[in-house]
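As the structure is a computational prediction, the values presented were derived from the model and not from experiment. Here is the naming used below: chain letters follow the sequence lines, and residue numbers restart at 1 for every chain. FYI, side chains are in, hydrogens and waters are out, and symmetry mates aren't considered; it's all heavy atoms of this structure.
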Amino acid sequence: METTFFAYGALPLPDSGELGETLAELPHSEVLSYVAGLGVHTAAGTDVAPVLAATVEEVQARVDAIGSLRAALPFGIDGIVIKADLAADQREAGSGTRAPRWAIAYKLPAVEKITRLVSVEWNVGRTGIIAPRAVLEPVEIDGSTVGYATLHNPADITRRDLRLGDQVMVYKAGDIIPRIEAPVVHLRTGDETPIDFPESCPQCGSAIDTSEQRWRCTRGRNCRLVASVSYAAGRDQLDIEGLGATRVVQLVDAGLVTDFADLFTLEREQLLALDRMGETSTDNLLAAIETARTRPLSRVFCALGVRGTGRSMSRRIARYFATMDRIVAADVETLQQVDGIGKEKAAAVVVELVELAPLIAKLVAAGVNMTEPGATPPPEPGTEEAAAAGADTEAGGDGGTGSTLPLAGMTVVVTGAMTGALEKLSRNQMNELIERAGGKSSSSVSQRTSLLVAGDKAGSKRTKAEDLGVRIAVPEEFAELVGAFLAAGENA
DNA sequence: TCGTATGGCAACATCAATCG
DNA sequence: CGATTGATGTTGCCATACGA
């Protein structure tokens, strides 16, 4: 079958040089003309070509015109996009995390069909949320066969007074996701029955927390191990290719995985023993897991599945704290420094991180990366020590010249045997490294010490640091913290 | 107090890779 | 070679917490 596409924009490749800059400055209309000039199809050659509109009235007129042309078009449309033409306007509007704010869709009404609501299933998600899903008598809508539709939550069912056996209006929201619009009340026969709500978690039988609109199993993320692990392996988290739902179920059933940290200690023979896991799949999966070990902190943190922290929030948190240690050590006040975290979310995060401590420890033990590349942590809060160290003239806030150094304002003590990237460094070289990174090195632990780098066989200094509550880092973490300065020192 | 950004979820078709 | 599996793209809706 011959396929056609219409270009709706153009983006430069990273190395397109001058063209990249030109494209970024061109009004959208001219970008499209340019693309059309290259011989690429655009909507310009159709009956619903883009037009420049200067007023809201003109926009409305064009929307109406296109709407009335819809049925006669040789292709399907679900709406009309209204865009800011000038590059400067687009920049000013910017983008949210989902879509640009300078382009907005006017949606035409979707095509509807009537079918029967057969039953309702209750699915438990990775967070323990119990979501109702309607089972429909299959019906063809706009090229695909619809058999299910989400009902969101119990209140939604009540609000719309849905009953089993009802004839319901179904459409595809955005021409994609099936959705029940409403029951067709006048088609009722009297044989319809109420929809039963679950009284205990359909997954594990535990109690249900009904205090919010979305009901949750009281065991939360622990209710559905399979869902938690799948989420952790997902594209926006650890991105482990080849680990789909079926594989996860197998691993859990075989008892090989009790949390997602177990993925990192899987052995080849264990995987080969699973159904439909041959040599190729096994080796690919193992390689994917190895890669996952080095994902940035933002993704590892996201994989934990702390409620209210998805992709965006996890990135902000990781950038702010730079290491997992710092995130875990953060109190409610510190967490609120992160954009988008207020009182409630901060408290929830603290509580969940306590629960997750064993899992995090397990991940650390498995060698999973716990740092965010390129992120510089803020100066330690509770800065009496830092202030006393006298190195925080720039921490006051007016300047900021030296504040980009990772150890700015910190007093650091080294003890024990270094490992990893720092293995070959003498104590003196370590001290140099600390100072290059903006810190002050010292040889004894006191109240004024901000960080103790403790290697193997660390002794009394470590004990003292623990007593005083001084932050302790293993050499590997420290190496991450000062990575850039490490390379510089080696060459010198 | 209210507008809004974000998280979380859901349905389906389609294609490529791999297993048995 | 047929069957199984995973990956992917697409977007509306809802609830909630943030933050001005």
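- Residues Pro132(A) and Pro154(A) come closest through the heavy atom pair CG-N, 4.3 Å.
- Residue-to-nucleotide proximity on DNA chain C shows that, of Gly244(A) and Arg235(A), the 5′-proximal contact is made by Gly244(A).
- The side chain of Arg133(A) has dA11(B) as its nearest neighbour among dG9(C), dT18(B), dA11(B).
- Under the side chain to side chain donor-acceptor pair (under 3.5 Å) criterion, Asp283(A) pairs with Arg268(A), sequence neighbours left out.
- If you find the closest nucleotide of DNA chain B to Gly147(A) and to Gly305(A), the one lying nearer the 5' end belongs to Gly305(A).
- Taking both residues in full, the closest heavy atoms of Gln237(A) and Arg299(A) are given as O-NH1, 2.6 Å, listed atom of the first, atom of the second, then distance.
- Where Pro178(A) and Thr282(A) each meet DNA chain B at their nearest nucleotide, the meeting point lying more 5' is that of Pro178(A).
- A donor-acceptor contact shorter than 3.5 Å links the side chain of Asn153(A) to the backbone of Ala155(A).
- Across all strands shown, Ile240(A) has heavy atoms under 4.0 Å from sugar-phosphate atoms exclusively, and none from any base.
- Closest approach to the Arg316(A) side chain among dT6(B), dC9(B), dG9(C) is made by dT6(B) (side chain taken as heavy atoms from C-beta onward).
- Remark: side-chain polar atoms of Glu181(A) are not paired, donor with acceptor, to backbone N or O of Met169(A) under 3.5 angstrom.
- Heavy atoms of other residues, nucleotides or ligands lying less than 6.0 angstrom from CD of Glu112(A) number more than 12.
- For Ile130(A) and dG8(B), the CD1 to P distance is 17 Å, given to the nearest whole Å.
- Residue Asn284(A) places its side chain closer to dT18(B) than to any other of dT18(B), dT6(B), dG9(C).
- Using bins of under 30°, 30° to 60° and over 60° for the plane-to-plane angle, the ring pair Trp215(A)/Trp122(A) lands in the parallel bin.
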field: Nucleic acid footprint by protein, nucleotides 15-20 of chain C - heavy-atom cut-off 4.0 Å, B for base, S for sugar-phosphate alone
entry: SSSSS-
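- Put simply, Thr246(A) has a side-chain N or O that comes within less than 4.0 Å of OP1 or OP2 on dG6(C).
- In this structure, Ile157(A) atom CD1 and dA10(B) atom P are separated by 13 Å, rounded to whole Å.
- Counting all heavy atoms, side chain and backbone alike, Leu69(A) lies closest to Asp47(A) at CD1-O, 3.7 Å.
- Distances from the side chain of Ile129(A) to the nucleotides dT18(B), dC9(B), dA11(B) place dC9(B) closest.
- With respect to Arg188(A) and Asp161(A), a salt bridge is recorded, a charged nitrogen being found less than 4.0 Å from a carboxylate O.
- The stretch residues 162-171 of chain A comes close to DNA chain C through Tyr171(A), each having a heavy atom under 4.0 Å from the strand.
- Residue Asp339(A) comes nearest to Arg316(A) through the heavy atom pair O-NE, 2.9 Å, listed as atom of the first residue, atom of the second, then distance.
- Set against dC19(B), dC9(B), dT5(C), the side chain of Thr280(A) has dC19(B) as its closest nucleotide.
- For the pair Leu243(A) CG and dT18(B) P, the interatomic distance rounds to 16 Å; values are reported in whole Å.
- A straight line from CZ of Arg247(A) to C1' of dT18(B) spans 9 Å, rounded to a whole angstrom.
- Distance CD (Glu279(A)) to C1' (dT18(B)): 13 Å, rounded to an integer number of Å.
- Rounded to an integer number of Å, the gap from Asp236(A) CG to dT10(C) P is 14 Å.
- With no hydrogens or angles considered, a side-chain donor-acceptor pair links Thr334(A) and Asp331(A) at under 3.5 Å.
- Distance Leu238(A) CG to dA7(C) P: 13 Å, rounded to the nearest Å.
- Contact check, Arg179(A) against dA10(B): no side-chain N or O comes under 4.0 Å of OP1 or OP2.
- Distance from the side chain of Arg126(A) is smallest to dC9(B) among dA11(B), dC9(B), dC13(C).
- Close to dC19(B), at under 4.0 Å from its OP1 or OP2, lies a side-chain N or O of Ser281(A).
- The CD1-C1' distance, from Ile180(A) to dC14(C), rounds to 16 Å in whole Å.
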